[in-house]
Trainee: 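The structure follows.
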Amino acid sequence: MHLSEQDWAAEKQRVEEVTGKIQTKIQVLEEQVSQVQSDVVEIRKHYWDDVTMDMSTTEDAVESIASIRQQAEVLSERERTHRQAFAALGKMRKLVQSPYFGRIDFRERDERGGDTIYLGIAGFLDEEKDDYLVYDWRAPISSLYYDFAPGEVTFSTPNGAVEGEMLLKRQFVIRDRKIHLMFDTGLTIGDELLKQVLSRSSDAQMKTIVATIQKEQNRIIRNDQARMLIVQGVAGSGKTSAALQRVAYLLYKHRDQLSSDQMVLFSPNPLFNHYVSTVLPELGEENMQQTTYQAYLEHRLGDRFEIEDSFTQLEYVLQEQDAGGAAAYQARLSGIRFKSSSAFQAIVQAYQLGLQQEGMLFSPIVFRDREIVSADKLVKRFYSYDSVIRIPNRLELMQGWLLEQLERFAELEREAAWVEDEIELLSSEDYHRAFERLRKMERGDGVTFDDYEQERVLLARMVIKEQLKPVRDAVKRLKFVDLTGLYVQLHVGLIAEEQAHWSAVHERTHEELANGRLPYEDATPLLYLMEAVCGFQTNGAVRHVIIDEAQDYSPFQLAYLKRLFPRCRMTALGDLGQAIYAHASAYSDMEPIASLYGPEQTEVIRLFRSYRSTREIVEFTRGIVPGGDAIEPFTRGGAKPRVIQASDRGSLHSLLAAEVERLRGEGYASVAIITKTASEGRLAQEALEPMLAAPLVLVTKHSPTFESGVLVIPSYLAKGVEFDAVLVYDGSHHQYGLENDRKLFYTACTRAMHELRIFSLGEPCQWITNQSPDTYEFVVGEESKIHSLGKGIVEAGEL
């Protein structure tokens, strides 16, 4: 709808008035922050000057403690006020540059007058008039902006549904306190604004999408009913962005009951954590806890094993697959799939129940190569308890008994020669420290240190206690349970049941564990067995868990997370088309994840529209995966993807280097050369780095941050992020010729926002050639020229 000059003048004047009032608020907050900060510094400086300390009598001591508590409360209140004022100041500083992005005029049913409502990333109240000049985008009425066109509308509030009529919907782009774009629209979000946002260069970190949230994304953000919300969204559908805005919405709506440290995001890798780390702060919220599943495994099992990560496992699968798939590879692939399944979880559960009657294994309690308690004695002690007592409770009883055995052993060791040797080795500092400690310990017992024998006894006890500390700690941590032996024993039992390839799987597992290494497929089952035996650890403080790239989690892992967070709600984000790992994905069908909480508590939202890539790129990439016809491209246009065939690796690198320089010359901020594996990435970096003027960064699983520029990155680490231009390093039949490669290839291609180039060392893969030739350009590169097949000639310089 065309806007008149009067409309423009009125809106410009309002922006000036609102930003002026926000600036005034900023000045007030700056003074408040400065004053409160001075108060805090002053209180800390003179903290003890204002505290009365007198411990001479009980009454004086009580009064002194009360004085300390009072002063601490004053300091705590001032610090809390400072944090609140500082947070409010941060929001106002963001708001003053772009106070709002939308306007709706709403008239409630049976009311004569209407309300004009402006929406921004935070609310702003004119305290003089008690009137909201800007509404927070998360306020109930703000949902009208995302869900409806002008006309009859309704929205939910804590007091019930409100019905009425939307008279106007207007969108703004305001930067530096100036209106750059403004229009009225009948759409949820006008394509003009969305195109402008999507046409920008990609950023090193994900940005907030509150100004361009689509109706289907708003359903995700404001869903407050489902215990388990599953979002199955195609690549580039904005599922992760919507989930992060969902976090901000939940923190806003439940601000009295929910805080950011009660929410956890499980990311696909540490790189992704950095990529999304600025979204919530941009919205004025503190970041939630962010971790990876691998980090949790390391936390729980890292002191026992060297744990393989999912990327190393995938590298093995891809490289051995390309090598032709030997028997050992097939056996491990079979093991990965079985150990990731719900069936194996059921086997572990049944095995643990059987251990109540027989089969428990223990490690002997050893000190200085001497066996204090044998493994056999531990087994006898364990099964001496009543069989109705649960295994974790029996181990708790054994723990107390073992600590008593260690105390008795310590008393018997006092005269041992090694104790005298250790006393002699004490330095003067150690001796003095021990002397002071012992004097405090023995005060009141009538012991004096003039007696050498008494002194020697006390020092001996101290030395033995220090030396036995690791053993006691191990007992307290139930390290006497032979976890490795129990897990291997489980495998032995399954050999008799003739599981496919199981003998080979068992041999490899046994060998790896014997060397202190834990394969990734064994990490969750072994951790589950450890907790089933020793007692499950749960986290009741976490109230909401978000799992990104949930299709890469096995049914076993998802069931474990449910047990770990018993009080939480979950949001699981995934894409069937990007299920790239060797185990059967949770999203290969919906049942494993949808059944975690049952159909009554589960809601599934599907997103089919892709916003990341141009229409031409989406029309190409949707032909790669089954069911891709359902993917809807956004209307933003661009160049067709180009497939460039090279005759040899030297030519491949020359063509790639030329393309990188062209793209950088055109101003693209991020160009990604995506390889299939990390080993291929290292090869590409070594070859291309001397050929490029721009720095070339190799991204690995250890890279802590994501930066713009020219990157070389393996396909599986690129998940969840996007780039202005993507160059697939080698999309040949040799490299992506198997069915298992289809989704990996799709993942690589769908990272592109504006341009996609696929280089092929020889014949392109079938995921390209099976598509309609109208969806891409195919050219062959020879030295300085590129010859198009059937489409004329394209000069090399045009690349």
Side-chain angles (χ1 to χ4, degrees), residues 267-272 292-295 297-298 302 305-337 339-340 504-505 508-509 511-512 515-524 549 551-554 557 578-585 649 672-688 697-704 706 711-721 728-732 734-749 751 761 765:
S267 299
N269 53 62
L271 193 70
F272 187 82
T292 63
Y293 190 71
Q294 181 69 27
L297 293 175
E298 295 282 355
F305 304 99
E306 178 187 338
I307 307 173
E308 179 186 49
D309 58 58
S310 60
F311 309 123
T312 303
Q313 184 199 74
L314 185 58
E315 279 283 320
Y316 167 83
V317 170
L318 295 175
Q319 290 182 3
E320 292 298 316
Q321 168 188 283
D322 293 342
Y329 163 74
Q330 294 298 334
R332 186 174 184 197
L333 203 61
S334 174
I336 289 171
R337 289 170 177 162
K339 290 178 181 181
S340 302
V505 171
R508 183 181 186 278
T509 303
E511 179 183 349
E512 289 293 291
N515 291 312
R517 297 189 296 266
L518 183 61
Y520 184 69
E521 63 268 25
D522 291 298
T524 300
E549 304 294 349
Q551 76 280 350
D552 293 335
Y553 286 71
S554 71
Q557 291 170 336
Q578 299 181 66
I580 62 174
Y581 286 92
H583 57 254
S585 163
R649 200 166 293 276
I673 300 167
I674 300 184
T675 60
K676 183 178 181 181
T677 64
S679 56
E680 188 181 53
R682 289 190 293 272
L683 184 153
Q685 188 220 15
E686 290 172 3
L688 291 171
V697 177
L698 177 64
V699 177
T700 72
K701 64 183 180 181
H702 302 297
S703 298
F706 174 75
L711 310 175
V712 177
I713 183 169
S715 52
Y716 48 82
L717 285 182
K719 294 182 71 169
V721 296
V728 177
Y729 177 75
D730 181 10
S732 66
H734 170 76
Q735 197 71 338
Y736 289 96
L738 301 176
E739 176 64 34
N740 290 343
D741 298 323
R742 181 203 293 257
K743 293 180 178 180
L744 200 65
F745 184 67
Y746 172 77
T747 299
C749 293
R751 302 306 95 199
L761 189 54
C765 64

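For the numbers below, each heavy atom of this structure counts, side chains included, while hydrogens, waters and symmetry mates do not.
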Trainee: Just verifying a value: how many Å separate Leu688 CG and Leu683 CG, rounded to the nearest 0.5 Å?
Mentor: 9.0 Å

Trainee: Could you tell me which non-hydrogen atom of Thr675 sits nearest to which non-hydrogen atom of Tyr736, and how far apart they are?
Mentor: C-OH, 4.1 Å

Trainee: List in chain and number order the residues that pass side-chain contact (heavy atoms from CB on, under 4.5 Å) with Pro270, two or more places apart in sequence or in another chain; answer none if no residue qualifies.
Mentor: Thr292

Trainee: Locate the shortest heavy-atom distance separating Ser732 from Leu761; write the atom from each residue and the value.
Mentor: CB-O, 3.6 Å

Trainee: How long is the gap from OG on Ser310 to OH on Tyr553, to the nearest 0.5 Å?
Mentor: 8.5 Å

Trainee: Kindly indicate, with the supporting measurements, whether the criterion side-chain contact (heavy atoms from CB on, under 4.5 Å) is fulfilled by Lys719 and Asn269.
Mentor: CA-CA 9 Å; Lys719 294 182 71 169; Asn269 53 62; 5.7 Å; no

Trainee: Quick one: CZ on Arg337 to CZ on Arg332, what's the gap to the nearest 0.5 Å?
Mentor: 12.5 Å

Trainee: Any side-chain heavy-atom pair from Leu297 and Leu518 closer than 4.5 angstrom?
Mentor: no

Trainee: Partners of Phe311 by ring pair (Phe, Tyr, Trp, His ring centres under 6.0 Å), sequence neighbours excluded?
Mentor: Tyr716

Trainee: Looking at CG of Leu717 and OG1 of Thr747, how far apart are the two atoms once the value is rounded to the nearest 0.5 Å?
Mentor: 12.0 Å

Trainee: With a 4.0 Å cut-off, would you call Glu521 and Lys339 a salt bridge?
Mentor: no

Trainee: Rounded to the nearest 0.5 Å, what's the gap from CD on Glu298 to CD on Glu306? Could you check?
Mentor: 9.0 Å

Trainee: As an exercise, state the distance from OG1 of Thr509 to CG of Asp522, rounded to the nearest 0.5 Å.
Mentor: 4.5 Å

Trainee: Is a donor on one side and an acceptor on the other found under 3.5 Å between the side chain of Gln578 and the backbone of Glu549?
Mentor: no

Trainee: Quick one, Glu320 with Leu333, criterion side-chain contact (heavy atoms from CB on, under 4.5 Å). Give me CA distance, side-chain angles, the key distance, then yes/no.
Mentor: CA-CA 10 Å; Glu320 292 298 316; Leu333 203 61; over 6 Å; no

Trainee: Would you say Ser554 and Tyr581 are linked by a side-chain donor-acceptor pair, where the criterion is simply a distance under 3.5 Å?
Mentor: no

Trainee: What closest approach, in Å, do Arg508 and Pro519 show between heavy atoms, and which atom pair accounts for it?
Mentor: NH1-CG, 3.6 Å

Trainee: For Gly681 and Val712, which heavy atoms make the closest approach, and how far apart are they?
Mentor: O-CG1, 3.5 Å

Trainee: Using the side chain to side chain contact (heavy atoms under 4.5 Å, CB included) rule, pick out the option among Glu512, Gln313, Arg517, Gln294 that qualifies with Glu308.
Mentor: Gln313

Trainee: Grab the two heavy atoms, one from Tyr520 and one from Tyr293, that are nearest each other, plus how far apart they are.
Mentor: OH-CD2, 3.9 Å

Trainee: Does a side chain donor of either Gln319 or Thr677 reach within less than 3.5 Å of an acceptor in the other side chain?
Mentor: no

Trainee: What pair of heavy atoms forms the shortest contact from Arg682 to Leu698, and how long is it?
Mentor: CG-CD2, 3.8 Å

